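Reading through the structure tokens given below for one structure.
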Amino acid sequence: MVSNDPLVLILMYFILPLWLIAGFADWGCHRRSHIESTSGPKESILHFLQFGEVGLALLAALFLEINAGLIAFMIFIFLVHEATALWDVNYAVGTREVTPFEQHIHSFLEMIPLIAIICVSALHWEQFKAIFGMGEESARFALAWKADPLPISYILTLMAAVLLMVVLPYTEELIRGLRARHVRNDD
């Protein structure tokens, strides 16, 4: 059963869908800029790397009990994602035009994971404080399945949305890039 906590509902039904919409919009920007003939598959691989980083933290938060260890992991993944995003944009601007609209979409893709971590930390405040040795609880680091799992209908809908709005579009982008590179190499 889903919590009635407004913060949980905001995470599930606003933050995560907004992240998916931003990811799909970013793919649309890449398609419009003909990424396959400019920055090519290297940039697409960087996109998959970023998706994998954030996806790993998301899967952990969806299925595992939230504790100090998981919050610390999410913070670490966020920092790794930021470094990869910087690498991606640095590469992209040297090979193709990155429009102001695409840059604005990137701001969403960078900040939504941070907002999610802030919300998760607020929901598990004592464990967040415990990371820093503060508060009344001891930091817990054990990996355990959620005692009260999210509804399977929510998980399946979210995974279907991830497949349709992120995995398939970015796979298509990578395939376009590989094909274009193959054509250029044949010339």
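Remember, it's a predicted structure, so these values are computed and weren't measured experimentally. Note that the numbering runs from 1 along the sequence shown for the chain.
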| Test log, rule side chain to side chain contact (heavy atoms under 4.5 Å, CB included), inputs Leu174 and Leu178 | CA-CA 6 Å; Leu174 178 60; Leu178 292 170; 4.0 Å; yes
| said: Taking side-chain hydrogen bond (donor to acceptor under 3.5 Å, both in side chains) as the criterion, tell me which of Glu173, Arg176, Glu172 meets it with Ser44. | reply: Glu173
State, to 0.1 Å, how close [X] and [Y] come at their nearest heavy-atom pair, and which atoms those are.
X: Pro169; Y: Leu163; value: CD-O, 4.0 Å
X: Gly69; Y: Phe141; value: CA-CD2, 3.2 Å
X: Trp19; Y: Phe51; value: CH2-CE1, 4.1 Å

Have [X] and [Y] got a donor and an acceptor in their side chains that come within less than 3.5 Å?
X: His124; Y: Asn67; value: no
X: His30; Y: Glu102; value: yes
X: Thr84; Y: Glu53; value: yes

| request: May I have the step-by-step check of ring pair (Phe, Tyr, Trp, His ring centres under 6.0 Å) for Phe78 and Phe73, ending in yes or no? | output: CA-CA 9 Å; Phe78 172 75; Phe73 173 72; over 10 Å; no
| message | Can you list, by chain and residue number, the hydrophobic cluster partners of Tyr91 when the side-chain cut-off is 4.5 Å? | response | Leu46, Leu49, Trp87
| Going by side-chain heavy atoms closer than 4.5 Å, which hydrophobic residues are tied to Val98, directly or by a chain of links? | Val89, Val93
| message | Go through it in stages, so that I can follow the logic: the residues are Arg31 and His34, the test is side chain to side chain contact (heavy atoms under 4.5 Å, CB included), and I'd like the CA-CA distance, side-chain angles, deciding distance and then a yes or no. | response | CA-CA 5 Å; Arg31 189 162 177 79; His34 302 285; over 6 Å; no
| request: Output all residues satisfying side-chain hydrogen bond (donor to acceptor under 3.5 Å, both in side chains) with Asp88, sequence neighbours left out; order by chain, then residue number. | output: His47, Gln50
| query | Does the distance from a Lys or Arg side-chain N to an Asp or Glu carboxylate O, for Glu36 and Arg96, drop under 4.0 Å? | reply | no
| task | Take Leu58 and Leu16 through the test side chain to side chain contact (heavy atoms under 4.5 Å, CB included) and record every step on the way to the result. | result | CA-CA 9 Å; Leu58 173 63; Leu16 286 177; 3.6 Å; yes
